[in-house]
Amino acid sequence: MRRTIDRLLAEARSRLVRLDPVRATEAMREGAVLVDTRPLEQREADGEVPGALVIGRNVLEWRLDPASEWRLPLPGGHDLHVIVMCDEGYSSSLAAATLQMLGMRRATDLVGGFRAWAAAGLPVVPRLRRADRVAASDDRG
């Protein structure tokens, strides 16, 4: 039987203990790492979550798998509590389920993604566009 994306998403979410934005902030205070997988264009347009680790979705598994030679030097190994955040909470569910398949049993995602985070009134900082950063550095002379 062929799977649809809706079924694949439901299967992925059935394995996750998904966190709403408030619970995610509590988990971060307890040592969880919020990983923002949104593309640069979305982060420039909407801002970023302070303290979030930005990792492109296309390299996420390589950067977080403790067995990967391209992993980031993060503490915790397979026990690292990772909360994956995308824009609306769809691709993050699939990414978190993939991380669990790599043995990262505490991987999960943010319900509603960045949009839910911002709607909850949680901290968001602007992300200057590259051209704005260059112009600002030119102004300093």
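All residue numbers in this chain count up from 1 along the given sequence.
- The structure places CE of Met85 at 8.5 Å from CD of Glu48, a figure rounded to the nearest 0.5 Å.
- Note on Leu72 and Trp70: separate hydrophobic clusters, where clusters join Ile, Leu, Val, Met, Phe, Trp and Tyr whose side-chain heavy atoms are under 4.5 Å apart, directly or indirectly.
- Screening residues 73-85 for side chain to side chain donor-acceptor pair (under 3.5 Å) gives Asp79-Arg105, His81-Arg106 as the qualifying pairs, with residues at least two apart or on separate chains.
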- [ ] Decide yes or no on side-chain contact (heavy atoms from CB on, under 4.5 Å) for Val124 and Asp46, but give the supporting numbers first.
- [x] CA-CA 8 Å; Val124 173; Asp46 300 327; over 6 Å; no
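- Proximity of Leu80 to Met104: side-chain heavy atoms (C-beta onward) are separated by under 4.5 Å at one or more points.
- Note that CG of Leu34 and CZ of Phe114 are 10.5 Å apart. Values are rounded to the nearest 0.5 Å.
- Counting heavy atoms from C-beta outward, Thr25 and Trp117 have side chains that approach closer than 4.5 Å.
- The nearest pair of heavy atoms linking Ile55 to Val59 is CG2-CG2, 4.0 Å.
- Residues Leu122 and Leu19 share a single hydrophobic cluster, defined by chaining ILVMFWY side chains whose heavy atoms lie under 4.5 Å apart.
- With a 4.5 Å cut-off on side-chain heavy atoms, Pro123 and Val49 do not count as touching.
- Scanning for side chain to side chain donor-acceptor pair (under 3.5 Å) contacts around Gln100 gives an empty result, with sequence neighbours left out.
- The side chain to side chain donor-acceptor pair (under 3.5 Å) search around Arg3 returns Glu11, not counting sequence neighbours.
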Open item on the list: Let's go through Ile83 and Asp109 carefully: what are the C-alpha distance in whole Å and the side-chain angles of both, what is the deciding distance for side-chain contact (heavy atoms from CB on, under 4.5 Å) to 0.1 Å, and is it a yes or a no?
Closed with: CA-CA 5 Å; Ile83 306 165; Asp109 78 323; 5.6 Å; no
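- In this structure, Val54 and Leu40 have side chains that are not in contact, with every pair of non-hydrogen atoms separated by 4.5 Å or more.
- For Ser14, the side-chain contact (heavy atoms from CB on, under 4.5 Å) test picks out no residue, with sequence neighbours left out.
- The side-chain contact (heavy atoms from CB on, under 4.5 Å) with Leu64 is formed by just one residue from the set Leu102, Val84, Leu74, Val33; it is Leu74.
- Here the side chains of Leu110 and Ser92 are not in contact, with every heavy-atom distance at 4.5 Å or above.
- For the residue pair Trp62 and Ser68, the shortest heavy atom distance occurs at O-OG, 2.9 Å.
- When side chains are defined from C-beta on, Thr108 does not count as touching Val82, because their heavy atoms never get closer than 4.5 Å.
- Between the side chain of Arg43 and the backbone N or O of Arg38, at least one donor-acceptor pair lies under 3.5 Å.
- The heavy-atom pair separating Val111 from Pro21 by the smallest distance is O-CD, 4.0 Å.
- The nearest pair of heavy atoms linking Ala96 to Ala107 is O-CB, 3.8 Å.
- Distance check: Ile5 CD1 to Leu94 CG gives 5.0 Å after rounding to the nearest 0.5 Å.
- The salt bridge (Lys or Arg N to Asp or Glu O under 4.0 Å) analysis of residues 87-101, with sequence neighbours excluded, yields the pairs Asp87-Arg115, Glu88-Arg115.
- Among residues at least two apart or in separate chains, salt bridge (Lys or Arg N to Asp or Glu O under 4.0 Å) pairs with a member in residues 60-77 are Arg57-Glu61.
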